[in-house]
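Here's the structure we're looking at; comments come further down.
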Amino acid sequence: MAAQAFPDDFVWGVATSAFQIEGAHDVDGRGPSIWDVYAEQPGLIEDGSNAQVACDHYHRYPEDIALMASLGLDAYRFSIAWPRILPAGRGAVNVAGLDFYDRLVDGLLAAGIAPWPTLYHWDLPQALEDEGGWTNRATVDAFIELADAVSARLGDRVEHWITHNEPWCVSVLGHAYGVHAPGRRDWGEALVASHHLLLSHGRAVPVIRRNSPGAKVGITTLVSECVPASPSEADRISTTQYDGELNRWFLDPIYLGLYPKDVIEYHQREGRLPDGMNFVRPGDLEEIKTPIDFLGVNYYSRAVVRSATIPEADNEPRTIPLPDPAELTDMGWEVYPDGLTRTLTRLSADYEPGSMVVTENGAAYATAPGPDGSVQDTRRCDYLKSHLQACLAAIDAGVPLHGYFLWSLLDNFEWAFGFAKRFGIVWVDFETQERIIKASGHLYSRIVRDNKLPKEQAA
Ligand code: FCB
């Protein structure tokens, strides 16, 4: 039986992102982001909503800090809205935007909660998109302006920084599948964007270190265990390709300083690299490989992959949901905790990151308040326990896992799904902005305080 207790210095947190919770879209000089523009287009957000108000966290952050303090959390992962800091993407800094994060950081520290800001969680200023967005190499320089302005202001108090959240989603969902802002459907552009995202990460690391001496700097990637839909040779090959596209394309440059050869060849065969890899300039990979202090891992589910011989319809991914609907969350994602153990173990072996942190893990279930006003989200409780058990198994196997951030503190604007998917351990009534801690929130609080899983989980 694996140990039930977590290491003494294990960091317990929750995660959110600016666009999904802040609202206040036109307040204090904030400029428009690509997600504001994307959400305005009819039909792109499932429930027709937008994030102009969302959880109104911009105004209610003191209440949200108090909520986190009541749960006993050690840390809070949030993101910085680029369009608040540099409304035109680059150039003049909007001091009122920096002031907001300054207040947030001070409020967190006063409550004994460590701030873990992410510099980019998808809300690119529209002004930069108008010049090509992440497909334009100049956006790398603009990101460095952001990293510099934010770390110069907060660097004396922030001890953990994350450059990017899930560059795969930004590049592939946003530029190849077109299901995220900016909604492009061009694989070539997606690959160029991925390189610029990685380059901006590598270049930001020394800038942050200069402004925030002694701080730890990392990046967060989405990872999945990729498994073939059948034992066929074709499915096996496709699985290696998908693992390459999703996991190795991002982690190999960061840790090994190269793009994986088999994935380059695969993209080439698919006609996605019409000009080869000429967007990679001499020296880029050395910069991307700048050593970092920790790897942030976002894990939700595994990816079951079917053969590429089935043509990709409209650039859709080849992953398929698995069999038992009882095991699917409201996102249609399979509950698969063993994949988390195996993914952590594999990344630890392949890349030797030194320190790893689960920067997101959680589940969407719509469970609403019952007649007594409480939210009995039993399935989220089960998801949480099984995935924390999976973390313990990884630690037991020697993985240097140092923290866990649950996604998410609040029900929020779930990108193209709008408010239709609820990931929070705190229920949000979007009419009144009332917050109710769900059963999963109470459970998490107990786990955090005890630093171990409840007894009944012991196997
Ligand atoms: C992740 C995103 C996060 C949230 C969760 C459900 O990919 O980083 O913003 O949408 O999925």
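Whatever order the structure lists ligands and atoms in, that order sets their numbers, starting from 1. Count residues from 1 along the sequence.
Of all protein heavy atoms, the one lying nearest to atom 5 (C) of ligand 1 is Tyr300 OH, 3.2 Å. The protein heavy atom nearest to atom 7 (O) of ligand 1 is Glu166 OE1, 2.6 Å. Protein heavy atom closest to atom 1 (C) of ligand 1, with residue, atom name and distance, is Glu360 OE1, 3.1 Å.
Ring planes of Trp82 and Trp134: perpendicular class, angle over 60° (limits at 30 and 60°).
Note: an N/O pair closer than 3.5 Å links Gln20 and ligand 1 by distance alone.
Neither the backbone nor the side chain of Met331 comes within 4.0 Å of ligand 1, counting heavy atoms alone. Contacts between Asn165 and ligand 1 below 4.0 angstrom, taking non-hydrogen atoms only, involve the side chain exclusively.
Checked against the 6.0 Å centroid criterion, the rings of Trp407 and Tyr300 do not qualify as a close aromatic pair.
Close approach to Trp415 involves these atoms of ligand 1, each under 4.0 Å from a residue heavy atom: 3 (C), 4 (C), 9 (O), 10 (O). For ligand 1, the atoms lying closer than 4.0 Å to a non-hydrogen atom of Phe423 are 6 (C).
Shown here are the salt bridge (charged side-chain N to carboxylate O under 4.0 Å, His left out) partners of Asp377, two or more places apart in sequence or in another chain: Arg380.
Asp252 and Tyr351 are linked by a side-chain donor-acceptor pair at a separation below 3.5 angstrom, with hydrogens and angles left out of the test.
Minimum heavy-atom separation, Asp293 to Ala215: OD2-O, 3.8 Å.
A salt bridge links Glu22 with Arg84; the closest basic N to acidic carboxylate O contact falls under 4.0 Å.
Distances shorter than 4.0 angstrom occur between a heavy atom of His121 and an atom of ligand 1.
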